[in-house]
Asks: 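Let me begin by handing over the structure; questions about it come next.
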Amino acid sequence: MSEPKTHSDELTRFLAEEGEKELVRISTAGSVDDGKSTLIGRLLHDTQNIYEDQLHALADESARGSASRQVDWALLTDGLKAEREQGITIDVAYRYFSSHRRKFILADTPGHEQYTRNMATGASTADLAIVLVDARKGLRRQSKRHAFIAALLGIPHMVVAVNKMDLVGYDEAVFERIRDEFSTFATRLGIPDLRFLPISALVGDNVVATSDRMPWYRGEPLLQIMESVFVAGDRNLVDLRLPVQYVNRPHQDFRGYCGQMVSGILRKGSKIEVLPSGKQAHVASITTYDGELDEAAPPMSITVTLDRELDIGRGDMLIHPHNRPTVNRHLEAMMVWMDEMPLDPETRYLVKQTTRTTTALISEVRYRVDVDNLTRQEAAPLQVNEIGRVVLLAQEDLYFDAYHKNRGTGSLILIHPLTHRTVAAGMIIDRQPSDQLPASMDVTRAPISRRPMRQGRVTRDEVARRLDQRPRTLWLTGLVSSGKSEIAYALERKLFERGKLATVLDGGKMRRGLSRELGFGSAGVAENLRRAAETARLFNEAGLIAICSFVSPVAKLREQVSEIVGPDQFSVVHVDATPAHCEARDETGLYRQAREGLVQNLAGWNSPYEAPDEPDVYLDMTQLSIDACVEKILEFLERTQAD
Amino acid sequence: MLIETPDGLFPRIEQVTMRHEKNHYHIGHLRSLEAESIHIMREVAAEFKRPVMLYSVGKDSSVMVRLAQKAFFPAPVPFPLLHVDTSYKFEEMYAFRDAFTKEAGLNLVVHRNEAALAKKANPYDLGTGACCGFLKTRALLDGLAAGGYDAAFGGARRDEEKSRAKERIFSFRNRDGGWDPKNQRPELWNLYNARVKRGETIRVFPLSNWTEMDVWHYIHLEKIPIVPMYFAAEREVVDMDGHLIPVERFPFPDRLRRKPVRLMCRFRSLGCSPCTGAIRSTATSVPEIIAEMIEVRTSERANRVIDHDGEASMEQKKKDGYF
């Protein structure tokens, strides 16, 4: 064995350097064909990170599997038995090795289309992506796919390694052709740091040391790039985001808020604000097992105490008072679908973002991305391994930044409420006011395809005969304060006096219960109308006349409402009044707030109102009294009683 | 571990180093790993009703305990430690376990498969596979069920063994404690999926991204107590097919015994005494162990008899519920 050690100085220096080594996470993707495993094996071997017994086991297995005497590096990197037998890589495998200056964690992922999700998993935390291209085959789908995923998951540095240069005679022209083609493709990806490098993993050219077989390449070998890529600058040290993970309260005198610094710098004594309460306090201490700190930076896990008692729990966030993330229930994200069960617009998924967990609906898929040519495909429910841009509506506010600005607060996962599987990963896209989100009810199942729900033994006709009325829905549309609700309730009373049963549905009723969690942006308004329409339909099925009073400014939405209720029993009443008339009799205060710029999307004022082209009843509110309006509607009802 | 490269090849790195010096917030990889592990532990404490920490008495367990102390300081560790005891551990391990947990004020729960032990289960008669099955895997599953634990920390690292390289940090186990390697939950960023139904559990591996070197280095920096068996001493051992098995008092047939020899040796990883081999070594301190690691080029589990039962033996054990 070894003789007694005398190198204590050397060892001390080694330990000091070892502790300060920087941790760099790398992702690779590709199949065995590309030589990915060979490259990794080569890196591990040439940096002396493979142990002798592993090498022996490797040699044994290589000999068993193939006639060639060359060591098959894939056997080292493909860990699972099924993978070794089938010769494929099906999951992310992590490799660990180190050099003089750095520790590397390498996430090794399969390159096939059906493993897009694994690729995304490996890329999610990576600082550097190594994209492999086979010099003989040129730029193929798989390499493009990997580059796209790497860019989507925000990996800041990318090295394109053109491999198997030994098989193309180390020809510079081959390398340049691939580089040019890739550069053209990559301009659309917006990769901040992109480099190209010719290698032969099998022979070892330009992997650890510069190869003299390619004197035309003047750059660094791969390992040197891995060592020198400046990753510390990728951290966001500006925007303080400390999601509260755990409240530590061992006794009455200590209340600490634990969390891992996502971004920004937290200093003792500085003023912070708490989301969602908006309350402010000063940092009394940054407590750790190793003593108190004056400041903390990402990725430290710390415990903070404040100078005053505030009600703070898991999922809250500590920020600087003048640097807030977006606080909203609505967001748009690029989403990688990861589950065999496709995206279902009616499933309320669990969403986990920072330390918050709530539920969310995907209210729209805006488009799918064809990863192979980076084009947008028409929206459809995302299937496994598909990527698309979605609109997400959460039950509660989330505190987020755009993913490209902050990976920690811009990322989220979706968990299926029943299977508990992680079904999707989302990268939040730049803030977009919720009133600019699409007004659409694509959430709705197409009413035509619905099987008739009424399966009881009481028929609709029987109910109608018993109540002596024709169940139908009257849809009153018009500006805020045009008089819709007054007319609706007066009409309900009149009908009751005539022995008819009617009921009013309006914004107030819906928002108090059924639509309690919805916002007032376009998407929230659309969803509220959808629910109102479904409710009116149910009332009609129970034999009632539904009088619905909603601004419903968008013609397309009213058409969809009509589809849901059933066009045969649906009539539109246009309550027409000028904005000035409405403002004069306004009790909601919305017009005043709109004048002050506080309300952004008041129909007819600062957002469009699309008047119905051919309403069943037209009411000119500048001419008619409420009673006159009610009379006109009653006339209409009588006239169409038999239709 | 160290790459031999001429210094002249690194013109860019000087530049980078200077930038680091200006950057007051440089955080070395050990502190990064520590922060990640603490985050994982707090996540478990926040999301599960009854977590437990599997405690194997080994060096990785010692590191895990220290990380837990850090995660919840100044509060005590908010979950118990569970030692799944085969009864075949070394005397020094039992002594260390009791002293260490007492001094740290930890709540230690010990679970054994008493039924199997009553039938004198041992690796010589059953073979290592069946013995591990009864005394480790079965005992572990029973111990977890007995405590009603819904999450269990383990000290396994991805660099230990190739099936472990694919393990998630939050690793889902079905009602039988089994692992389905082909159907794992995707795990992105540090957003861990902690959802389980009754009877299902999550095994949590806070040291996933640590290497053996990192663990030793951390033990050195943090002065973490470990079982003295990791240090070289003169010990009486028997050479069993190349594995140096220490002589302890066991009720095994004499036919299996060979002539013991005394030599300087230490243990690189600790398991049950009949199945754990020592390596020849003179390293009596942590820095010496680290120095030895740089020179000795065999992987850490090479002296564990159980891993060599078959090519995929660890993967099979994990599917059955082993850690």
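All values reported here derive from a predicted model rather than from experimental measurement. Values below: every heavy atom of this structure, side chains too, minus hydrogens, waters and symmetry copies. So that the names make sense, note that chain A is the first sequence line, chain B the second, and so on, each numbered from 1.
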Asks: Please classify the contact between Ile413(A) and chain B as side chain, backbone, both or neither, with a heavy-atom cut-off of under 4.5 Å.
Replies: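 Both backbone and side chain.
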Asks: Is it the backbone or the side chain of Arg25(A) that comes under 4.5 Å from a heavy atom of chain B, or both, or neither?
Replies: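 For Arg25(A), the side chain is the part near chain B, not the backbone.
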Asks: For Tyr246(A), does the six-membered ring have the charged nitrogen or CZ of Arg42(B) within the cation-pi criterion, i.e. under 6.0 angstrom from the centroid and within 45° of the normal?
Replies: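 The answer is no, since Arg42(B) fails at least one limit relative to Tyr246(A).
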Asks: Grab the two heavy atoms, one from Trp189(B) and one from Leu412(A), that are nearest each other, plus how far apart they are.
Replies: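 Heavy atoms of Trp189(B) and Leu412(A) come nearest at CZ3-O, 3.6 Å.
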Asks: Return the CZ to CG distance between Arg31(B) and Asp290(A), rounded to the nearest 0.5 Å.
Replies: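 Arg31(B) atom CZ to Asp290(A) atom CG measures 6.0 Å (nearest 0.5 Å).
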Asks: Residues two or more places apart in sequence or in another chain: which of them pass salt bridge (charged side-chain N to carboxylate O under 4.0 Å, His left out) with Glu20(A)?
Replies: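 Partners of Glu20(A) under the salt bridge (charged side-chain N to carboxylate O under 4.0 Å, His left out) test: none.
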Asks: Side chains of Pro186(B) and Val92(A): closer than 4.5 Å at any heavy-atom pair?
Replies: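 No, side chains not in contact.
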Asks: So which residue, Ser32(B), Ala71(B), Ala45(B), ends up with the most heavy-atom pairs under 4.5 Å with chain A?
Replies: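 Max contact count across the listed options: Ala45(B).
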Asks: Under 4.5 Å, counting heavy-atom pairs only, tell me which of Thr357(A), Thr355(A), Ile302(A) racks up the most with chain B.
Replies: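 The option with the most such pairs is Ile302(A).
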Asks: Please rank Arg168(B), Glu222(B), Glu43(B), Glu187(B) by heavy-atom pairs under 4.5 Å with chain A and give me the top one.
Replies: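 If we count pairs closer than 4.5 Å to chain A, Glu43(B) comes out on top.
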Asks: Count the heavy atoms belonging to other residues, nucleotides or ligands that lie under 6.0 Å from CG of Asn183(B), then report whether that count exceeds 12.
Replies: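 Enclosed.
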Asks: Roughly how far, to the nearest 0.5 Å, is NZ of Lys352(A) from CZ of Arg195(B)?
Replies: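 Here the rounded value is 8.5 Å.
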Asks: Taking all heavy atoms of Thr211(B) and all of Tyr96(A), pick out the closest pair and write down the distance.
Replies: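 Distance-wise, the nearest heavy atoms are CG2-CB, 3.4 Å.
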Asks: What are the two closest non-hydrogen atoms of Ala120(A) and Leu188(B), and how far apart are they?
Replies: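 Distance-wise, the nearest heavy atoms are O-CD2, 3.6 Å.
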Asks: Using ring-ring contact (aromatic ring centres under 6.0 Å, His included) as the criterion, list what pairs up with Phe254(A), not counting sequence neighbours.
Replies: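 Residues passing ring-ring contact (aromatic ring centres under 6.0 Å, His included) with Phe254(A): none at all.
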Asks: Quick one: does Gln69(B)'s side chain have a donor or acceptor within less than 3.5 Å of a partner on Tyr289(A)'s backbone?
Replies: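 Between the backbone of Tyr289(A) and the side chain of Gln69(B) there is no qualifying donor-acceptor contact (under 3.5 Å).
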Asks: Which heavy atom of Pro298(A) sits nearest a heavy atom of Ile27(B), and at what distance?
Replies: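 Taking every non-hydrogen atom into account, O-CD1, 3.5 Å.
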Asks: Can you measure from CD1 (Ile415(A)) to CG (Leu191(B)) and round to the nearest 0.5 angstrom?
Replies: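 Atom-to-atom, Ile415(A):CD1 and Leu191(B):CG are 9.0 Å apart.
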Asks: Look up atom CD in Gln260(A) and atom CD in Glu36(B), then write down how far apart they are to the nearest 0.5 Å.
Replies: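 It is 7.5 Å, given to the nearest 0.5 Å.
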Asks: Tell me, out of Leu350(A), Thr287(A), Val24(A), Val423(A), who's got the most heavy-atom pairs with chain B below 4.5 Å.
Replies: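 If we count pairs closer than 4.5 Å to chain B, Leu350(A) comes out on top.
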Asks: Highest number of heavy-atom pairs under 4.5 Å with chain B: which of Cys258(A), Ser124(A), Pro250(A)?
Replies: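 Most heavy-atom pairs under 4.5 Å with chain B: Ser124(A).
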Asks: Quick check: does any side chain N or O of Lys103(A) sit under 3.5 Å from a backbone N or O of Gly28(B), one acting as donor and the other as acceptor?
Replies: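 No: the side chain of Lys103(A) does not pair with the backbone of Gly28(B).
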Asks: When only pairs under 4.5 Å are counted, which of Met338(A), Arg421(A), His420(A) shares the most heavy-atom pairs with chain B?
Replies: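 So the answer, after comparing Met338(A), Arg421(A), His420(A), is His420(A).
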Asks: Could you tell me the separation between the NZ atom of Lys70(B) and the OG1 atom of Thr303(A), rounded to the nearest 0.5 Å?
Replies: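 Reported value, rounded in 0.5 Å steps: 12.0 Å.
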Asks: For the interface with chain A, which of Glu34(B), His220(B), Lys197(B) has the highest count of heavy-atom pairs at distances below 4.5 Å?
Replies: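 Max contact count across the listed options: Lys197(B).
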Asks: Using heavy-atom distances under 4.5 Å, tell me whether Leu418(A) contacts chain B through its side chain, its backbone, both, or neither.
Replies: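 Answer is backbone: N, CA, C or O of Leu418(A) sit under 4.5 Å from chain B.
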Asks: Which heavy atom of Met300(A) sits nearest to which heavy atom of Ala35(B), and what is that distance?
Replies: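 That closest heavy-atom pairing would be CA-CB, 4.0 Å.
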Asks: Working to the nearest 0.5 Å, report the span between CZ of Arg185(B) and CG of Asp339(A).
Replies: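 Here the interatomic distance stands at 10.5 Å.
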Asks: Would you mind telling me which of Ile265(A), Thr354(A), Thr288(A) has the largest number of heavy-atom pairs within less than 4.5 Å of chain B?
Replies: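 Between Ile265(A), Thr354(A), Thr288(A), the count favours Ile265(A).
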Asks: With a 4.5 angstrom heavy-atom cut-off, is it the side chain or the backbone of His39(B) that approaches chain A, or both, or neither?
Replies: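 His39(B) touches chain A through backbone and side-chain heavy atoms alike.
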Asks: Considering only heavy atoms, which portion of Ser37(B) lies under 4.5 Å from any heavy atom of chain A: side chain, backbone, both, or neither?
Replies: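 Neither part.
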